[in-house]
2 protein chains.
Amino acid sequence: MGVLEKVNVRGRTAVEPVLPLDTILRGDCIAAMKALPAKSIDLIFADPPYNLQLGGDLNRPDGSHVDAVTDEWDKFDSLAAYDKFTREWLAEARRILKDDGSIWVIGSYHNIFKVGSAIQDLGFWILNDIIWRKANPMPNFKGTRFTNAHETLIWASKGEKARYTFNYRSMKTLNDELQMRSDWEFPICGGQERLKKDGYKVHPTQKPEALLYRILLASTKKGDVVLDPFFGTGTTGAVAKRLGRRWIGIDREGVYVDAAQARIDAALPLDESALTTMQAPKAAPRVAFGQLVENGYLAPGTLLFDSKRRHRAVVGADGSLKCGDAAGSIHKLGATLQNAPSCNGWTWWHYEDEGALKPIDALRQTWLLATQP
Amino acid sequence: MGVLEKVNVRGRTAVEPVLPLDTILRGDCIAAMKALPAKSIDLIFADPPYNLQLGGDLNRPDGSHVDAVTDEWDKFDSLAAYDKFTREWLAEARRILKDDGSIWVIGSYHNIFKVGSAIQDLGFWILNDIIWRKANPMPNFKGTRFTNAHETLIWASKGEKARYTFNYRSMKTLNDELQMRSDWEFPICGGQERLKKDGYKVHPTQKPEALLYRILLASTKKGDVVLDPFFGTGTTGAVAKRLGRRWIGIDREGVYVDAAQARIDAALPLDESALTTMQAPKAAPRVAFGQLVENGYLAPGTLLFDSKRRHRAVVGADGSLKCGDAAGSIHKLGATLQNAPSCNGWTWWHYEDEGALKPIDALRQTWLLATQP
DNA sequence: TCGACTGCTGAATCATTCG
DNA sequence: CCGAATGATTCAGCAGTCG
């Protein structure tokens, strides 16, 4: 896995780490991550073993058998062993993550508390926990507990002060112009999407593409590098390709690696225009108040008022406002006059139009309509 | 807090621990729990400090100030200090919990992973994690993350093999005859239910009664003792009283204790009949197949069939079934004939009624209707 | 082509009692 | 504590078939 390579950068010869982009690395996830350079990954999505600790067989009321997760990779000697494994792979993940990158981990109640606890101990800063509500969970056949109808994802930045990517507008647009909440509903992976071989599912816990789609759209930019250390059937890679992100997958099992490679080869990337639209579907460009003055929407010297005419201010040529001794931007002056910590100047300040007061935000809208294609 | 008291039990004089039932203990929760006898509590509900670690002030887009949780009781020096506190109170909780009791803890992503990890380390066995989906969460005003729209509850028994109470039928009835799932939706506590004093909320994180109602209905029996070590405004006590459960509350803050006491004094217990209905709305006592034969609902010698008449069996006088050489209970013979590991004989076996096949479960229902008051 | 119906299946810590 | 006997239990989505 040659991740070190001589490259020629603008005439200079240097030894720089090169990432094995759009590649599946077969092997142990900790060893494979150790071979990757520090601070090189924009986003990590991890779907580690859940340590289910299932007992005997389970049958449905009709007598049929439940095909449970009995794979060797989900077996650990003890809770402590699982804890140790978790901290080890998370520490490597942290090393290779860029300072402004972020990490997602999915789990169930069997393991997610150990995972979350380790994430906090390692210095990551949890941004959200997200609930995947399953539209069609398996019932509790014995009637002994509540139907286990969700899984939990943790989303964390590298530290309390670390920056991270969050495409707020994309999420809001995706959610019908309401803020995207922390509970997401998807059906479990099935139908055509579910990879099968000889009629049997290839992987017991294949994740739905819709889940990865939302994660990548929310927390990466186009061209970002996404790493999945428990690649399985490669859902992360397939979605990354579709969304114009680069990806690296790691998995130990040859069967999974082969299935994932074939799947990703067959996946079609979206064309550029579709990608742009999704990235910021309704993102309005920022408008500086000064632009409106500059372009004649509001003349310098115009008087602005709050909605009840308790305050008045004069527009300056540079887009500033003045009110007696106080001066500043529309937001800052509004806050000062109200003695408030903050103020949205666009909706607080009004101009006079045929005797009536109208918010200056109306002018911004007019400007946007006139200048947007 | 005299929890030890001489009592006279059926003529014998003995020193036995007596629980301070239906009482609020004012003081530190760990100290107060230490004074309670071991294995004396049926259910613990805990809403511990979340260790929110909030930074500066937060304002809404209109400039108004968000009244956040800034109370002293939510401050800890470090994550390690919080972890230590968590393990201490959980250890005491474990000591006083009956072997067939269970514990609920609610939290957010700030603390729930530490809580869950400690719960597992202490030997509790997680039964479910439950998501409280808030119908009306506070938006993320800054647009920097997903709207934090849920909280997480952990429900655990005392150990892997420990018994616990789960009123399956009550939950299923409550959920319109579908199994109750692990995601519950309630509005946050507000309106008339929210305790206020001089126009200000008494407690920053008062939980909705609907949440406690479901918890107590699901995991306690009538007369069970419910302990809440972080009693706050006493939601747990108020709901316990309504549902005919005994309760003990612990809180350090006099303001909360007073508010909770007044609230619980004003709460009305439900009358007995309503309680019975809710506790087990459709709970049917076990019926042995033999009872039906004994009571003439099915004559010995009657032929039973599976729904497609592929198998037939003869009813024995003792409630056994015979089919050729094979014989056994309705469940066992059904399983044997299908070559299945198990079988619900009540729905698998049918009797002939005017030419049509009807499941013998219909007879059980008839029997139940005739014998239940 | 479409609706009705049948059959199958999914990260599940899935029983209780008695001897 | 263990083994054997007895007892009790499922929901939504998708694929395939039939009319």
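Quick note on labels: first sequence line is chain A, next is B, and so on, each numbered from 1. Remember, predicted model here, so these are calculated numbers, not experimental data.
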Spacing of [X] atom [atom1] relative to [N] atom [atom2], expressed in whole Å:
X: B:Leu333; N: D:dT6; atom1: CG; atom2: C1'; result: 14 Å
X: A:Met138; N: D:dC14; atom1: CE; atom2: C1'; result: 16 Å
X: A:His65; N: C:dA12; atom1: NE2; atom2: C1'; result: 12 Å
X: A:Gln206; N: C:dA11; atom1: CD; atom2: C1'; result: 13 Å
X: A:Asn148; N: D:dT10; atom1: CG; atom2: P; result: 17 Å
X: B:Phe289; N: D:dA8; atom1: CZ; atom2: P; result: 13 Å
X: A:Asn136; N: C:dA11; atom1: CG; atom2: P; result: 9 Å
X: A:Asn140; N: C:dA12; atom1: CG; atom2: P; result: 11 Å

Ignoring hydrogens and geometry beyond distance, is a side-chain donor-acceptor pair present between [X] and [Y] at under 3.5 Å?
X: A:Arg263; Y: A:Thr235; value: yes
X: B:Tyr109; Y: A:Asn128; value: no
X: B:Lys114; Y: A:Ser117; value: yes

Side chain of [X], heavy atoms from C-beta onward: which of [options] has the nearest atom to it?
X: A:Ser64; options: C:dG10, C:dA12, C:dT9; result: C:dT9
X: A:Gln192; options: D:dA15, C:dG10, C:dC14; result: D:dA15
X: A:Asp67; options: C:dA11, C:dG10, D:dC11; result: C:dG10
X: A:Pro139; options: D:dA15, D:dA8, D:dC11; result: D:dC11
X: A:Arg145; options: D:dC11, C:dA11, C:dC14; result: C:dC14

Does NZ or CZ of B:Arg94 come closer than 6.0 Å to the centre of the six-membered ring of B:Phe124, within 45° of the ring's axis? yes

Cationic tip of A:Lys134 within the cone over A:Trp132's six-membered ring, i.e. under 6.0 Å and within 45° of the normal? yes

Assign each of A:Lys196 and A:Thr144 to its nearest nucleotide of DNA chain C by heavy atoms, then name whichever residue's nucleotide is nearer the 5' end. A:Lys196

When the [atom1] atoms of [N] and [M] are considered, how many whole Å apart are they?
N: D:dA8; M: C:dA11; atom1: P; answer: 30 Å
N: C:dG10; M: D:dT10; atom1: C1'; answer: 12 Å
N: D:dC18; M: C:dT1; atom1: C1'; answer: 14 Å
N: C:dC14; M: D:dG7; atom1: C1'; answer: 15 Å

Base, sugar-phosphate or nothing for [X]? Non-hydrogen atoms, less than 4.0 Å.
X: A:Pro48; value: base
X: A:Ala68; value: base
X: A:Gly190; value: nothing
X: A:Ser108; value: nothing

hbond_proxy [X] side chain to [N] base (donor-acceptor, 3.5 Å cutoff):
X: A:Lys134; N: C:dA11; result: no
X: A:Asp47; N: C:dA11; result: yes
X: A:Arg60; N: C:dG10; result: yes

According to the Watson-Crick and G-U wobble definitions, with both distances under 3.5 Å, which nucleotide is paired to D:dC11? C:dG10

In the structure shown, which nucleotide is the Watson-Crick or G-U wobble counterpart of C:dA15, with both distances under 3.5 Å? D:dT6

With a 6.0 Å cut-off on ring centres, are A:Phe231 and A:Trp247 close enough? yes

Do the ring centers of A:Trp184 and A:His150 come within less than 6.0 Å of each other? no

Please determine whether a side-chain nitrogen or oxygen atom of [X] lies at a distance below 4.0 Å from atom OP1 or OP2 of [N].
X: A:Lys142; N: C:dT16; value: no
X: B:Trp346; N: D:dA8; value: yes
X: B:Tyr168; N: D:dT10; value: yes

If you pin B:His331 and A:Pro187 to their nearest nucleotides in DNA chain D, which one's is more 5'? B:His331

Using heavy atoms to find the nearest nucleotide of DNA chain D for B:Arg181 and A:Phe141 separately, return the residue whose nucleotide is more 5′. A:Phe141

